[in-house]
Colleague: 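To start, I am sharing the structure in question, which I have written as structure tokens.
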Amino acid sequence: MYLTGLRCVSCQRVYGVGDAEYLCGACGAPAGEDPGVLDVQYDYAAAAPAVRTALAGSRRDLFRWLPLLPLDEAPPVPFTGGTPLAEAPRLAAALGLARLWLKDEPRNPTRCLKDRATAVAVGRALAAGRSEMYCASAGNAAISLAGFAAHAGLACHVYVPADASATRLAWLRHYGARVHVSAGDYDAAFEEAEAAGAANGWYSRNCAFNPFLVEGKKTVAFEIAEQLRWQVPDLVAAPVGDGCTLAAAGKGFRELQRVGLTEGRPRLIGAQAEGMQPLVRRFRGEPPREETGDTRAASIKVRRPRNALRLLGELAASDGLLVAVPDDATERAQRSLGADAGVVAEFTSAAGLAALAAIPAAERAGRTAVLVVTGGRPDEL
Ligand SMILES: *Cc1c(COP(=O)(O)O)cnc(C)c1O
Ligand SMILES: [Zn+2]
């Protein structure tokens, strides 16, 4: 492994590998707005030649990128990552983009980008001899963990909000997870999960808590760059809940530069729902307020985002944008993904396309863009 340590994104304190498991002990308070999420650091000079050797190999899943992951070897998990990047010329023309590609994350084992984080988390749990895992989730992270835990024979406890859809609960039951349905929302489920996880000593699959999960998610950026022959797109869009996914993509693109594979970085374009947009308000420098609205974008319906600082840092580093889109725009975007590009995306994922459509036309004109289609189960649109 090329890990050198863990750095707190809040107070910048640095921990040695093995000196911190989850959050920063100095920032500590898990209930706080910026809980002290840690960022995994690497020796990029040493990792660079190993990355090139790995790329010459035949591996096609996310462990193709093992030198930039926090694992000694690829774990025995279902094939994850290595998803297609499909060009969508009709959508590009409609948006005034030079070119647009869709990163097809529903091709992952449980139909969602979350599997990238789960693959690394399960790998870390297996390497540490842990046998029980947990997470809080609007549904996708829980389904992902449940599927991978079933495959590995690990016990799995998932905490979901009261409004988790019947389809999502059915997938969880199908995988044999122990399902705890909160009386409250995702934020309530998150707190219940952390309390139970700490009390029982289960291994965490919460992305804004366990620092190693973002490492799995960042591989989506590695793949996009390789699929575009190391020409990074001008824009990369994705929906934003806790902030881990888009921030991870930003980290991935920065790391590609650090190991000398790419020049330049894309602008990150994040989408929140108009009815639940705490990060958009913070991005704009507005004072925080209680989020009382609602949205159908269940996978980004997060009142108190836990990876805000990481995301804001990546947005600043990429000259990115974060926009709020109304559900009716997301609905149009979802229909357009199907009818104009032949792609099934869950409602939340279509918000990324709605965000691309919502930025000023001048920011799109003549540009190349990638939309990360973060999830899409055909039975759950
Ligand atoms: C979790 C999720 C997101 C948002 O990811 P965050 O890390 O919470 O910002 C976006 N789309 C889908 C489909 C998701 O499941
Ligand atoms: Zn800290």
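One-based numbering, in listed order, for ligands and for the atoms of each.
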Colleague: Could you check whether the rings of Y42 and Y44 sit parallel, tilted or perpendicular, using 30° and 60° as the cut-offs?
Modeller: tilted
Colleague: Hey, is T348 touching ligand 1 through its side chain, its backbone, both or neither, going by heavy atoms under 4.0 Å?
Modeller: side chain
Colleague: To check your reading of the site, what angle at the Zn ion (ligand 2) do SG of C24 and SG of C8 form, to 10°?
Modeller: 110°
Colleague: Please could you name the atoms of ligand 1 that S349 approaches to less than 4.0 Å, counting only its heavy atoms?
Modeller: 13 (C)
Colleague: With distance as the sole criterion, is a donor-acceptor pair present between the side chains of R116 and T245 under 3.5 Å?
Modeller: no
Colleague: Once you restrict to heavy atoms under 4.0 Å, what part of A208 touches ligand 1? Side chain, backbone, both or neither.
Modeller: neither
Colleague: Between L113, V240, N140, D242, which one has a non-hydrogen atom sitting closest to atom 15 (O) of ligand 1?
Modeller: N140
Colleague: Name the orientation class of the two ring planes belonging to Y159 and W202 (parallel below 30°, tilted from 30 to 60°, perpendicular beyond 60°).
Modeller: tilted
Colleague: Just to be sure I read this right, does ligand 1 sit under 4.0 Å from the backbone of L311, its side chain, both, or neither, counting only heavy atoms?
Modeller: neither
Colleague: Just which atoms of ligand 1 are under 4.0 Å from any heavy atom in S299?
Modeller: 1 (C), 2 (C), 12 (C), 14 (C), 15 (O)
Colleague: Calculate, to the nearest 0.5 Å, the distance between atoms CG and CD belonging to L62 and E223 respectively.
Modeller: 7.0 Å
Colleague: With no hydrogens and no angle check, just 3.5 Å: does a side-chain donor-acceptor pair link R377 and N140?
Modeller: yes
Colleague: State the atoms of ligand 1, each with its element, that fall below the 4.0 Å cut-off from a heavy-atom position in E346.
Modeller: 13 (C)
Colleague: Take R281 and Q277, measure what side chain to side chain contact (heavy atoms under 4.5 Å, CB included) needs, and give me the verdict at the end.
Modeller: CA-CA 6 Å; R281 296 189 211 286; Q277 48 168 312; 3.8 Å; yes
Colleague: Any side-chain donor-acceptor pair under 3.5 Å between D43 and T4?
Modeller: no
Colleague: Linking I/L/V/M/F/W/Y whenever any side-chain heavy atoms sit under 4.5 Å apart, do L95 and L228 land together?
Modeller: no
Colleague: With a 3.5 Å cut-off and no angle check, do the side chains of T83 and D104 form a donor-acceptor pair?
Modeller: no
Colleague: Out of all atoms in ligand 1, which are within 4.0 Å of some heavy atom of C112? Include the element for each.
Modeller: 15 (O)
Colleague: Do R130 and Y203 form a cation-pi contact, if we require the NZ or CZ to be under 6.0 Å from the six-membered ring centre and within 45 degrees of the ring's axis?
Modeller: no
Colleague: Measuring from non-hydrogen atoms of C207 to any atom of ligand 1, is the shortest distance under 4.0 Å?
Modeller: no
Colleague: Using a strict 4.0 Å cut-off to heavy atoms of K217, name the atoms of ligand 1 that fall inside it.
Modeller: 7 (O)
Colleague: With atoms numbered from 1 as shown, which atoms in ligand 1 lie under 4.0 angstrom from a non-hydrogen atom of C244?
Modeller: 6 (P), 7 (O), 9 (O)
Colleague: Mind checking whether F222 and W65 have parallel, tilted or perpendicular rings, split at 30° and 60°?
Modeller: tilted
Colleague: With heavy atoms under 4.0 Å as the rule, classify the contact between T245 and ligand 1 as side chain, backbone, both or neither.
Modeller: both
Colleague: Taking only heavy atoms of K114, which atoms of ligand 1 are found under 4.0 Å from at least one of them?
Modeller: 1 (C), 2 (C), 3 (C), 5 (O), 14 (C), 15 (O)
Colleague: If we set the cut-off at 4.0 Å for heavy atoms, which region of A141 has an atom near ligand 1: side chain, backbone, both, or neither?
Modeller: neither
Colleague: Is there a polar contact, in the sense of an N or O pair closer than 3.5 Å, between G241 and ligand 1?
Modeller: yes
Colleague: For atom 13 (C) of ligand 1, which protein heavy atom lies nearest, and how many Å away is it?
Modeller: T374 OG1, 3.2 Å
Colleague: Can you list the atoms of ligand 1 that are under 4.0 Å from a heavy atom of P239?
Modeller: 4 (C), 10 (C), 11 (N)
